[in-house]
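Residue numbers count from 1 along this sequence. The figures here come from the full heavy-atom set of this structure, side chains too, leaving out hydrogens, waters and symmetry mates.
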Amino acid sequence: EGVADLDALNESNMARVNRSGDIFLSHTKLNGRYTIRVSIGNPRQTMDHVRRCWNLLLESARSAAD
């Protein structure tokens, strides 16, 4: 896959995760590449929140591959 394909895949994965309503991700361009941003800093966040974010991203990537 080309760079544009991977950028589009990351964008669609982020949108899919955001539609879940469980978490909200943002994005930026880093060296011209689409980059998903995860903000971890709320004092009430726990490792369970981080794991849930990671699992949602994995589930999204797996469903895109099907």
Side-chain angles (χ1 to χ4, degrees):
E1 291 183 29
V3 170
D5 293 333
L6 291 174
D7 286 349
L9 182 61
N10 279 334
E11 185 173 7
S12 67
N13 283 338
M14 185 193 78
R16 192 176 300 109
V17 168
N18 284 345
R19 278 193 304 271
S20 77
D22 286 352
I23 63 172
F24 180 76
L25 302 171
S26 62
H27 73 282
T28 190
K29 292 277 184 159
L30 184 61
N31 295 324
R33 300 292 310 275
Y34 190 95
T35 305
I36 296 173
R37 297 176 64 164
V38 177
S39 176
I40 301 170
N42 185 311
R44 293 182 285 180
Q45 283 180 320
T46 67
M47 281 305 296
D48 287 338
H49 295 108
V50 176
R51 283 186 201 95
R52 180 67 181 143
C53 176
W54 181 245
N55 288 331
L56 285 168
L57 284 165
L58 289 175
E59 290 168 15
S60 174
R62 286 182 185 127
S63 70
D66 292 339

request  = Provide the full list of ring-ring contact (aromatic ring centres under 6.0 Å, His included) pairs with a residue in residues 9-33, sequence neighbours left out, each pair given once.
outcome  =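 Of all non-adjacent pairs touching residues 9-33, those that pass ring-ring contact (aromatic ring centres under 6.0 Å, His included) are H27-Y34.
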inquiry  = Do L30 and V3 sit in one hydrophobic cluster, given that two such residues count as connected whenever their side-chain heavy atoms are within less than 4.5 Å of each other, even indirectly?
reply    =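 No: no chain of side-chain contacts under 4.5 Å links L30 to V3.
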ask   = Where do I36 and N10 come nearest, in terms of heavy atoms and distance?
value =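 Reported closest heavy-atom pair: CD1-O, 3.6 Å.
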task = Before giving the answer on side-chain contact (heavy atoms from CB on, under 4.5 Å), spell out for L9 and D5 the whole-Å C-alpha distance, their side-chain angles and the decisive distance to 0.1 Å.
result = CA-CA 6 Å; L9 182 61; D5 293 333; over 6 Å; no
Can you give each donor-acceptor pair under 3.5 Å made by side-chain atoms of residues 50-65, sequence neighbours left out, with the distance rounded to 0.1 Å?
| unit_1 | atom_1 | unit_2 | atom_2 | d |
| --- | --- | --- | --- | --- |
| R51 | NH1 | D48 | OD1 | 3.2 |
| R52 | NE | D22 | OD2 | 3.2 |
| R52 | NH2 | D22 | OD2 | 2.5 |
| N55 | ND2 | R51 | O | 3.2 |
| S60 | OG | N13 | O | 3.4 |
| S60 | OG | N13 | OD1 | 2.9 |
| S60 | OG | R16 | NH1 | 2.6 |
| S63 | OG | E59 | O | 3.4 |
| S63 | OG | S60 | O | 3.0 |

ask   = For residues 37-47, which residue pairs qualify under side-chain hydrogen bond (donor to acceptor under 3.5 Å, both in side chains), counting only residues two or more places apart or in two chains?
value =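 For residues 37-47, and leaving out neighbouring residues, the side-chain hydrogen bond (donor to acceptor under 3.5 Å, both in side chains) pairs sorted by first residue read T46-H49.
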